[in-house]
There are 2 protein chains.
Amino acid sequence: MDHDSALFENLVSELRRGTLILSVLALLREPQYGYSLVSGLESHGISIEAGTLYPLLRRLEKQGLLDSEWDVDQSRPRRYYVLNDSGKKILALLSAEWRRMTQAIEVMIQTGG
Amino acid sequence: MDHDSALFENLVSELRRGTLILSVLALLREPQYGYSLVSGLESHGISIEAGTLYPLLRRLEKQGLLDSEWDVDQSRPRRYYVLNDSGKKILALLSAEWRRMTQAIEVMIQTGG
DNA sequence: TAAATATACTATGCGTCATACACTATTGTC
DNA sequence: GACAATAGTGTATGACGCATAGTATATTTA
């Protein structure tokens, strides 16, 4: 990997940053376990490592946006995560702010200011 | 400021992160000095502190995406920054990736997966 | 039986933003 | 003439985040 593409990859990482939370919150309106979240995001073209996701889930739960519980009734134990009311509220606010930002940026990309 | 809005502000900060670079690069297709960048971003609804912008400009220059020079012919010295060829290339790539990401996220926000 | 997939998780380093801080020149107002 | 507001550039540091690398096991498939 040459310098330019390394730099590009780094900038893309930074773009992904922050939006990751929004993506995860959006998917967590329905209960999901970690592995299904990784697959779900991947299927939407958003790649994330498990080692990145789990600490994020811990943090979101600590911040009181989601709840989690183990399901041990299936072939294998899975820990399910889902938004609670607070999380749903934040998701709505964040989505609105996201759209506002994307529109502003789109204008700048197109016109240059 | 209560807990919820503090949390929300924090998440918005994270959203802004990364997109800041894209915004700055977009505006720097035309030469700008620091203060004009802050005003320009502000007029698009993207707020940024000068203390955040200048280190970012240093970094982008160090990464070889932009050039800068002092203009001392005006009433007051100003340092102008502008994208170079490498920066323009990166901006084009990054814009494309940005649009791809926003579309993916929009789908997730709307459908939940 | 071997390999691939499914599944969960932690620790730590590196990089980035935000805040606080420091400084000067010009313009406008009373 | 004095004072405030605006214009303008920058640095240092702390808090916090992702990414990488690593660990571990169960189930399915070949």
Side-chain angles (χ1 to χ4, degrees), chain A residues 1 6-25 31-43 46-63 65-66 68-81 94 101, chain B residues 1 6-25 31-43 46-63 65-66 68-81 94 101:
Chain A
M1 172 140 51
L7 178 53
F8 176 64
E9 286 306 322
N10 185 45
L11 293 174
V12 170
S13 290
E14 288 185 46
L15 267 187
R16 198 172 18 236
R17 191 169 182 159
T19 66
L20 223 46
I21 292 178
L22 183 55
S23 310
V24 168
L25 290 181
Q32 303 256 4
Y33 52 96
Y35 196 85
S36 70
L37 267 175
V38 172
S39 310
L41 290 166
E42 195 73 38
S43 77
I46 308 290
S47 69
I48 181 176
E49 294 295 319
T52 298
L53 178 63
Y54 286 108
L56 174 58
L57 290 172
R58 295 283 159 278
R59 186 176 128 232
L60 293 176
E61 186 168 15
K62 195 175 170 187
Q63 291 174 336
L65 302 181
L66 54 87
S68 73
E69 62 179 81
W70 283 94
D71 181 344
V72 291
D73 295 336
Q74 303 182 47
S75 66
R76 159 184 316 208
R78 289 166 175 159
R79 186 164 174 183
Y80 277 82
Y81 306 84
L94 213 55
M101 278 182 48
Chain B
M1 174 142 46
L7 178 53
F8 175 65
E9 287 306 321
N10 186 43
L11 293 174
V12 170
S13 290
E14 289 185 44
L15 267 187
R16 201 176 12 242
R17 192 171 179 153
T19 65
L20 223 47
I21 292 176
L22 183 54
S23 310
V24 168
L25 291 180
Q32 304 255 4
Y33 53 96
Y35 196 84
S36 70
L37 267 175
V38 172
S39 310
L41 290 166
E42 196 73 37
S43 77
I46 307 289
S47 69
I48 182 175
E49 294 295 318
T52 299
L53 177 63
Y54 286 110
L56 173 58
L57 289 172
R58 296 283 159 280
R59 184 176 129 232
L60 293 176
E61 185 167 16
K62 195 175 171 189
Q63 290 173 336
L65 301 182
L66 54 88
S68 73
E69 61 179 80
W70 282 95
D71 182 342
V72 291
D73 294 336
Q74 304 181 46
S75 68
R76 157 185 317 207
R78 289 167 176 160
R79 187 162 171 184
Y80 277 82
Y81 306 84
L94 213 54
M101 278 182 46

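Below, read A as the first sequence line, B as the second, and so on, with proteins coming before strands; counting in each chain starts at 1.
- Considering only side-chain N and O atoms, A:Arg17 lies nowhere under 4.0 angstrom from the phosphate OP1 or OP2 of D:dC16.
- Between A:Gln32 atom CD and C:dA6 atom C1' there is a gap of 15 Å when expressed in whole angstrom units.
- Distances were taken from every side-chain heavy atom of B:Arg59 (C-beta onward) to each of D:dG10, C:dT16, C:dA18; the shortest belongs to C:dT16.
- Comparing C:dT10, D:dG17, D:dA19 by their nearest atom to the side chain of B:Asn10 picks out D:dG17.
- Closest to the side chain of A:Tyr54, out of D:dA19, C:dT7, C:dT16, is C:dT7.
- Residue A:Glu14 places its side chain closer to C:dC17 than to any other of D:dT9, C:dC9, C:dC17.
- Two end axes, each from the C1' atoms of five base pairs, can be drawn for the helix from C:dT1-D:dA30 to C:dC30-D:dG1; they diverge by 30°, to 10 degrees.
- When the nucleotides D:dA19, C:dT7, C:dT16 are ranked by their closest atom to the side chain of A:Arg78, C:dT7 comes out on top.
- Partners of B:Tyr33 according to the ring-ring contact (aromatic ring centres under 6.0 Å, His included) rule, which considers only residues two or more places apart in sequence or in another chain, are B:Tyr80.
- Side-chain to base pairing of B:Arg79 with D:dT9: no donor and acceptor N or O lie closer than 3.5 Å to each other.
- Residue B:Arg58 contributes atom CZ, which lies 5 Å from atom P of D:dT11 at whole-angstrom precision.
- Comparing atom distances between the A:Tyr35 side chain and each of C:dC9, C:dA6, D:dT11 picks out C:dA6 as nearest.
- If you take CD of B:Glu9 and P of C:dA18, they are 11 Å apart, rounded to a whole angstrom.
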Full working for side chain to side chain donor-acceptor pair (under 3.5 Å) between A:Ser68 and A:Glu61: CA-CA 8 Å; A:Ser68 73; A:Glu61 186 168 15; 2.9 Å; yes

Check nucleotides 25-27 of chain D against the protein and report each pair of N or O atoms closer than 3.5 Å, with its distance, or say if there are none.
residue: D:dA26; atom: N3; partner: A:Arg76; partner atom: NH2; Å: 2.8
residue: D:dT27; atom: OP1; partner: A:Ser75; partner atom: O; Å: 3.0
residue: D:dT27; atom: O4'; partner: A:Arg76; partner atom: NH2; Å: 2.9

